[in-house]
Amino acid sequence: MMTDDIDLSASFGSAWFPWPVFTASGCASSGKELAQFFPLREIGAVVTKSISIKARSGRPTPRMAETPSGMLNSIGLQGPGIDSFLENDIPWLVAQNTRIIVSISGETVDEFSVLARRLRSVRGICAVEVNISCPNVENRGLVFACDPEASRSVIEGVRRTLGGDLPIIAKLSPDVTDIVHIARGVVDAGADGLSLINTLLGMVINTDTLRPHLAGKTGGLSGPAIRPVAVRAVYQVHAALPEVPIVGMGGVRSGRDAFEMILAGASAVAVGTASFGNPRALLDIQNELKSLLKEKGFSSLKEAVGFAHRVDRTQREVKG
Amino acid sequence: MMTDDIDLSASFGSAWFPWPVFTASGCASSGKELAQFFPLREIGAVVTKSISIKARSGRPTPRMAETPSGMLNSIGLQGPGIDSFLENDIPWLVAQNTRIIVSISGETVDEFSVLARRLRSVRGICAVEVNISCPNVENRGLVFACDPEASRSVIEGVRRTLGGDLPIIAKLSPDVTDIVHIARGVVDAGADGLSLINTLLGMVINTDTLRPHLAGKTGGLSGPAIRPVAVRAVYQVHAALPEVPIVGMGGVRSGRDAFEMILAGASAVAVGTASFGNPRALLDIQNELKSLLKEKGFSSLKEAVGFAHRVDRTQREVKG
Amino acid sequence: MMASTINKRAEQIDVTVLSNKRIGAYHQILLNIGELVLHCHPGNFVAISVGDKTSSMVLRRAFAISRVSHRGEYGGTLELIVAPHGSGSRWLCEQGEGATVNIVAPLGTAFGIPTNPAQALLIGGGYGSAPLFGLAEVLKSRGCRVDMILGASTSNKIYAPIEGKRSVNSLKIFTEDGSTGILGKVTDPLPSLIAEGVVDVIYSCGPMGMLSAISAIAQSSQVVHQCAVEESMACGIGICMTCVIPVVDATGVISMLRTCIEGPVMDGSTVQWDLVGKVV
Amino acid sequence: MMASTINKRAEQIDVTVLSNKRIGAYHQILLNIGELVLHCHPGNFVAISVGDKTSSMVLRRAFAISRVSHRGEYGGTLELIVAPHGSGSRWLCEQGEGATVNIVAPLGTAFGIPTNPAQALLIGGGYGSAPLFGLAEVLKSRGCRVDMILGASTSNKIYAPIEGKRSVNSLKIFTEDGSTGILGKVTDPLPSLIAEGVVDVIYSCGPMGMLSAISAIAQSSQVVHQCAVEESMACGIGICMTCVIPVVDATGVISMLRTCIEGPVMDGSTVQWDLVGKVV
Ligand SMILES: Cc1cc2nc3c(=O)[nH]c(=O)nc-3n(C[C@H](O)[C@H](O)[C@H](O)COP(=O)(O)OP(=O)(O)OC[C@H]3O[C@@H](n4cnc5c(N)ncnc54)[C@H](O)[C@@H]3O)c2cc1C
Ligand SMILES: Cc1cc2nc3c(=O)[nH]c(=O)nc-3n(C[C@H](O)[C@H](O)[C@H](O)COP(=O)(O)OP(=O)(O)OC[C@H]3O[C@@H](n4cnc5c(N)ncnc54)[C@H](O)[C@@H]3O)c2cc1C
Ligand SMILES: Cc1cc2nc3c(=O)[nH]c(=O)nc-3n(C[C@H](O)[C@H](O)[C@H](O)COP(=O)(O)O)c2cc1C
Ligand SMILES: Cc1cc2nc3c(=O)[nH]c(=O)nc-3n(C[C@H](O)[C@H](O)[C@H](O)COP(=O)(O)O)c2cc1C
Ligand code: FES
Ligand code: FES
């Protein structure tokens, strides 16, 4: 089955990506900063930082804490707002000849639709990632992604606004009792794909100042530490919804890690925290993944998607 | 405030512990094995592995996978059953002159009560830890601790069976949307204290065999990797229920880590995975914690419990 | 109580690496362990902490004690034969002379030594031969006849030091690719050796598949089979329950025993090889 | 686009540690960085990967470039002055001659050099003095007068190498415990110096409290204040948004700017010091 070149492409709804490694939202800023280290067109897609309607200055500092094999962040969705973003960031990305997925985040169900409307006619966007891991101001700040109803409503609204064209990828939080339930809801509501997982809610107390280290007290835990949780989420959701493509993320740092996500059921992989330690991480991971797939005798990435479920089934059947 | 000796005691209901560092359930077997490395009476308490009504042989191997700064385990509550346990393990522990907390686990609400009944008249037990992070066979295997109703019912049953005497510590799972909600429920139902947190559900795919590494597929994630999640859980629950004593656990490996838990709101700390890397971890941690408390000018451990909340409050008041 | 007697001598100490030599596919690592050597017996293992203070590896790694020396130039020394496998063993193989490593030792059961001189057959697979040479010396000193069969996939995975060879009466080597010794597996000559009656006891150490195959062959005979098993271990000291293996007792009850404290040396005839990795 | 021009010269490379010497409370670490040295200017920093492959530390650490040499014995070299603070900087301080470390450099903004000869006052706190000596050389070569004031809590935290002293016209040292130089703070002499009119531009590097105090004093004068700020950085290359600081622009709008790419050298008068660590 060894071929010299191998199909690494991934599809989410009508969007096709020649390569399977994407930036994770919020971990590549608007793209420019990483372009210094490799050409953006050589990876699958740039997922932009989550954009809000208005400019946001985010949370106070300290906004980060390193933790064992991970980190906490508490950025608070700092960003320029959709207008400035569409005017400045998108044209630059389009000029790079890279695939663009725009991540949007709102504080109300309606805000998501407003954002979707602004994106509808923008050229050069492949898909919209809907970051529902943010607080819903209309419901006591309860994170949308932690509430099945709110999650559905957001995606329904975005779907209605976008019409049938632009694929929607719903990004879920792992901080829930039943992620499969949330996933089903957003897929029913019109999501073409899922991004799994956002950060886990965590906290570090500074033992010198005796208070929470982050100015925002809690933060999102990312990095290799959370990989087992991410792999589990991808595996569970793929088992329940095998037809729904997943962008797997959470602690992917090497081709081996990316391969693990693919075997669990991801069709593509996003890389966040690893870029902080290695600016070239995305390309390195993509190249390593390609070699690994070949080495293991896969003729395409698609063949490997969810393979851990199938090996499993076969072996169980054999056992009787 | 510096004194040469400092009160490190902790209370859970009517149970008093001279020292605040406990073994985490399932990470000290029945106690004998650790006794080789330090006298058990020098730590706060031995929390036994969760005991079931009948003997259980647990899950097949592999039962473990190391992960970045953590590990997965999938033991499946292997154990001798309550009869053998009370006959063999308890008398030995009593003879060691250590404080004993018995952890119980059942597959139905009723089984927990049956176990509680067996413990009622056993001498030498200080408290019962109720491990509700196990599947409820009466409700599609949904983990009790992920279901507010089931959690309450278990604790209510145990409370009714035990009468008012033996303190109950309910051990919660972090794999829930709202841990404060679960905590409130079990406290209302009669728990005197809480153990936070049990492991996070995780998974590793073996990229050589292309299938889940653990025979049981998923496993529980423990170790330093999860500490930020544990600290957050302790902080949130202590903020909501400041009068309820908490045994904080999840990735505690040093006196600094234990201190972090205490500042977040734990009254005592349990050590699991760290003992696998360092058999003397419990004593080391306890000694380091003592030094740290003195160094920071605390005259007792109780003074430090939840201190991160108070520093916070003061500073906010100062700020206006 | 088996548990509390077995690890009675175990200590956690920092020790110095005296030397680290590559031998074929393995590293021969010599540790200066002082007095502790007095309690180390063939079959016992050590649990080593890997990585520096900031390491992401939280668990110890288990390695069989290959040989000990009571009165070396440096006092008591202990030798390990380490295959660079994953990140932990590779880290260990990178530790040169003078490095400090933290060990917990000696752990687990030792090979039982016959009270009367017997005909012993020692079978090792890959680095599994490591503890067998120390065992051979003890057996010889008790007047046993010691034959040895070693096997591996290929020649550089055969560990058979020259000094070691001196302590055995005969040594046969098998490789699966025929690159050294005889083409084949260690179990190939076993049925006939048993039939000839030249074997009273088999001591084995190596991959689980090999131990299982030997057990199957030995089962129909009177030959005793002591094997050193290898299950994934998180703690090495009996507190985590990850390292279990199904074993049947005299009354026919199968239990999951911890191979770190009730093993690694176990009676091959009691291990339920076909249930390893299954639900009991 | 500021961002894409600023890090245009940045590269990620493995470099060798040429030497590592303890100087007072710090380590002076010399790295062999070759050609990259051509693009390193005073004020720029490097982001260093800490720990080995198995490390639990996932983020790089930022260190100011203390000095560079274009034609040393080994080609281009770069010097860092590192305070062993937490686990990452301690790891770096343990790397001896011959060790390999991975760096991304040069990063961030550099100190602006006046086009006309000016009277420059360089103020450093603790290891903050490190980049000031390289800066002093450049300023001197442009005909500036260079006065320097260094401060620290205690004497061994004053970093003032003999070679460095040669490139300044005057050097005053302050310690908070009086163990070296004058008892007091670097800001003590500042109001009178400014009043005397002997300062056109202040270059500062050190703790945020010091930079803020200097800004407050300079504010009421015509003196330009270029300060190298220090916020916790997760990436160092502008992609994470953790390192921000509130800065006011010409129109009065306050934005949270990334100190890794729009800093570390910033105009002290635009930084909203009283809003650091607060919601804007
Ligand atoms: C009693 C005993 C004696 C052993 N003696 C030797 C010996 O003499 N020489 C030698 O080279 N190896 C020996 N091994 C195997 C050795 O322990 C593993 O190769 C080593 O743990 C792998 O660690 P790693 O970090 O390199 O690999 P990884 O695969 O990265 O390890 C991940 C985790 O799995 C565990 N693990 C992986 N493989 C094994 C295994 N085969 N056995 C137990 N745990 C495992 C590790 O301890 C670690 O916790 C022995 C194992 C046991 C149980
Ligand atoms: C632009 C810049 C230049 C610097 N120059 C120097 C220098 O020349 N010499 C020197 O000794 N130190 C310098 N520092 C500070 C140095 O980066 C920190 O001391 C170091 O990161 C601490 O890492 P640690 O692992 O030792 O500490 P830990 O506290 O364990 O670090 C935990 C995490 O917090 C971050 N962090 C902690 N303190 C700081 C800090 N003060 N600034 C930025 N990140 C921090 C670390 O990068 C790490 O990600 C500089 C910092 C910046 C931003
Ligand atoms: C600094 C930082 C900022 C992030 N910002 C966003 C964001 O704006 N929107 C979003 O959906 N996810 C955001 N995330 C989450 C990541 O996209 C990703 O889901 C998570 O970090 C797990 O992947 P990793 O372990 O590879 O970082 C952010 C993560 C980090 C570390
Ligand atoms: C091998 C292993 C077995 C465990 N068994 C139990 C158990 O039987 N009952 C229980 O309540 N928790 C069990 N736990 C969870 C621990 O008690 C603890 O909550 C968790 O491991 C987090 O702490 P740590 O990071 O210090 O290990 C087990 C954990 C491990 C690693
Ligand atoms: S390895 Fe932990 S019980 Fe055996
Ligand atoms: S450190 Fe990441 S943006 Fe500045």
Side-chain angles (χ1 to χ4, degrees), chain A residues 23-24 26-38 49 55-80 88-89 92 96 208 213-216 219 222-225 251 253-254 272-281 284, chain D residues 1-13 47-51 53-61 86-88 102-104 107 208 229-247 253-261 272 275-280:
Chain A
T23 65
C27 301
S29 205
S30 57
K32 282 186 196 100
E33 300 79 1
L34 271 188
Q36 172 57 29
F37 297 95
F38 59 86
K49 58 180 161 1
R56 290 174 61 117
S57 53
R59 297 238 178 78
T61 53
R63 288 180 170 187
M64 61 143 288
E66 197 182 46
T67 67
S69 297
M71 67 171 284
L72 288 182
N73 85 79
S74 143
I75 310 297
L77 296 173
Q78 175 175 351
N88 301 309
D89 295 346
W92 186 88
Q96 304 309 298
D208 289 323
H213 182 79
L214 300 176
S222 63
R253 191 163 50 167
S254 67
T273 308
S275 293
F276 305 166
N278 171 14
R280 279 193 299 249
D284 289 350
Chain D
M1 296 281 82
M2 209 170 179
S4 47
T5 48
I6 285 186
N7 284 342
K8 212 159 83 187
R9 301 304 193 168
E11 283 183 37
Q12 177 179 8
I13 50 169
I48 305 193
S49 183
V50 289
K53 308 186 272 300
T54 70
S55 177
S56 62
M57 298 183 290
V58 299
L59 304 174
R60 286 174 184 266
R61 285 6 186 204
S87 50
N102 187 274
I103 69 169
V104 178
L107 295 171
M208 295 290 267
V229 302
E230 192 180 301
E231 254 298 346
S232 280
M233 292 183 177
C235 78
I237 57 169
I239 61 176
C240 76
M241 308 298 279
T242 59
C243 62
V244 298
I245 203 173
V247 172
V253 175
I254 298 173
S255 334
M256 294 296 243
L257 298 190
R258 285 164 286 181
T259 60
C260 66
I261 57 169
Q272 301 305 98
L275 293 178
V276 172
K278 309 237 166 92
V279 190
V280 178

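Convention: sequence-line order gives letters A, B, ...; per-chain numbering from 1.
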Honestly, the part of D:Val244 sitting under 4.5 Å from a heavy atom of chain A is both

Bottom line for D:Ser232: the part with an atom under 4.5 Å from chain A's heavy atoms is both

*asked:* A side-chain contact here means heavy atoms from C-beta on lying under 4.5 Å apart; do A:Glu33 and D:Cys240 qualify?
replied: no

Heavy-atom check, side chain of D:Arg60 versus side chain of A:Pro279, under 4.5 Å
yes

Find the one option among D:Val104, D:Asn102, D:Val58, D:Ile245 whose heavy-atom pairs under 4.5 Å with chain A are most numerous.
->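 Result: the option with the highest number of such pairs is D:Val58.
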
Counting heavy-atom pairs under 4.5 Å to chain A, which of D:Ser55, D:Ala47, D:Cys235 comes out on top?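 Between D:Ser55, D:Ala47, D:Cys235, the count favours D:Cys235.
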
- Item | Leading residue by heavy atom contact count with chain D [cutoff under 4.5 Å; candidates A:Gly31, A:Ser30, A:Gly70] |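 Of the options given, most contacts go to A:Gly70.
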
Nearest heavy-atom approach of A:Ala225 to A:Pro68 is CB-O, 3.5 Å

Determine the minimum heavy-atom distance between D:Ile239 and A:Ser275, stating which atoms define it.
->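 In this case the closest contact between D:Ile239 and A:Ser275 is CD1-CB, 3.7 Å.
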
Can you say whether [X] sits under 4.5 Å from chain D via the side chain, the backbone, both, or neither, judging by heavy atoms?
X	answer
A:Arg253	side chain
A:Leu34	both
A:Thr23	neither

### Query
Between the side chains of D:Glu231 and A:Thr61, is a donor N or O closer than 3.5 angstrom to an acceptor N or O?
yes

Does the side chain of D:Gln12 pick up a donor-acceptor pair with the side chain of A:Asn278 at under 3.5 Å?
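Yes.
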
